[in-house]
Amino acid sequence: TTRLSKEKVKITKEQQALMKVVVEAYNRHQIPQDVAKKLLQEQYSEEENFLLLTEMATSQVQVLVEFTKNIPGFLSLNHEDQIALLKGSAVEAMFLRSAQVFSRKMPNGHTEVLEERIRKSGISEEFMTPMFNFYKSIGELHMMQEEQALLTAIAILTPDRPYVKDQQAVERLQEPMLDVLRKLCVLQHPQEPQYFARLLGRLTELRTLNHYHAEMLTSWRMNDHKFTPLLCEIWDVE
Ligand SMILES: C[C@]12CC[C@H]3[C@@H](CC=C4C=C(C(=O)O)CC[C@@]43C)[C@@H]1CC[C@@H]2C(=O)c1ccc(O)cc1
């Protein structure tokens, strides 16, 4: 018989407070409704789809910056390191976000329209498959919003991003997030002791998407697609 680990797991007061700040920040920053509404209105050319996704990506980067500024301790990091963390995690945060959007059935069929537009926006098949596989693997976890918010903060606070100077300082911020996420998983999924490990496994899968994403940007550029200044800055294109 499997012995259920009756490990006494308790989330402390300060861990509750940390989680509250991160979850509120995560929920507060959403892309503006008018952008989401365009998804349903604009016509379906490849060009139009790319422009819509570019607008959504640009808006999502702004949302990401606001969310990150609310992560306790982030603003006290070395400024260059703050930029290095944002640039290093932008793609992952976006794919986590879009995975959550796809796994939560969005109101009035946005999800289908969004998927349709992504599939017809000039992204090559070889990237489409891993992207939608990732969406499926996140969807199967049925993550709670607390887990989504913490996992996004943990991805942003990855110490070994390129050009991060003070990795220890980033580790000191990431560890408490990992601790509270681990406890949350034990408390919310007592029947699934491996749930926390599965969540972290998604972060590893996310990293592989970084590589595909760079290819995606290159192929768009080859077909003379234009990005916004903010996207050029965060992804060092053009
Ligand atoms: C990541 C992405 C841009 C951002 C989109 C995501 C699909 C769904 C989303 C849902 C959002 C919400 O409902 O809050 C916010 C925007 C995001 C997260 C797109 C899939 C591919 C695209 C992309 O990589 C891309 C990159 C550069 C571009 O110029 C255009 C697209």
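In each ligand, atom 1 is the first atom listed, and ligand 1 is the first ligand listed. For this chain, numbers begin at 1 and follow the sequence in order.
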Does [X] approach ligand 1 within less than 4.0 angstrom via side chain, backbone, both or neither, non-hydrogen atoms only?
X	result
Trp235	side chain
Leu231	side chain
Val63	neither
Thr54	both

Does Tyr135, backbone or side chain, put an N or O under 3.5 Å from an N or O of ligand 1?
-> no
Residues 144-190 vs ring pair (Phe, Tyr, Trp, His ring centres under 6.0 Å), sequence neighbours excluded, gives His189-Tyr195
Atom indices of ligand 1 within 4.0 angstrom of [X] heavy atoms, with elements:
X	result
Ser98	6 (C), 7 (C), 8 (C), 9 (C), 18 (C)
Phe227	29 (O)
Leu114	8 (C)
Trp220	25 (C), 26 (C), 27 (C), 28 (C), 30 (C), 31 (C)
Arg97	12 (C), 14 (O)
Gln60	14 (O), 15 (C)
Met94	1 (C), 4 (C), 18 (C)
Val101	12 (C), 13 (O)

Taking [X] for the side chain and [Y] for the main chain, is one N or O donor matched with an acceptor at less than 3.5 Å?
X	Y	value
Trp220	Ser121	yes
Gln15	Thr12	yes
Ser45	Glu48	yes
Asp81	Lys165	yes

Show every donor-acceptor pair shorter than 3.5 Å between a side-chain atom in residues 228-235 and any protein atom, with sequence neighbours excluded, or say none if there are none.
residue, atom, partner, partner atom, Å
Thr228, OG1, Thr58, OG1, 2.8
Thr228, OG1, Leu231, N, 3.4

Heavy atom of His225 under 4.0 Å from ligand 1?
-> no
Minimum side-chain heavy-atom gap Lys120-Tyr44 below 4.5 Å | no
Which of parallel (below 30°), tilted (30 to 60°) and perpendicular (above 60°) describes Phe95 and His213?
-> perpendicular
Report the residue from Arg161, Arg202, Lys87 that forms a salt bridge (Lys or Arg N to Asp or Glu O under 4.0 Å) with Glu92.
-> Arg161
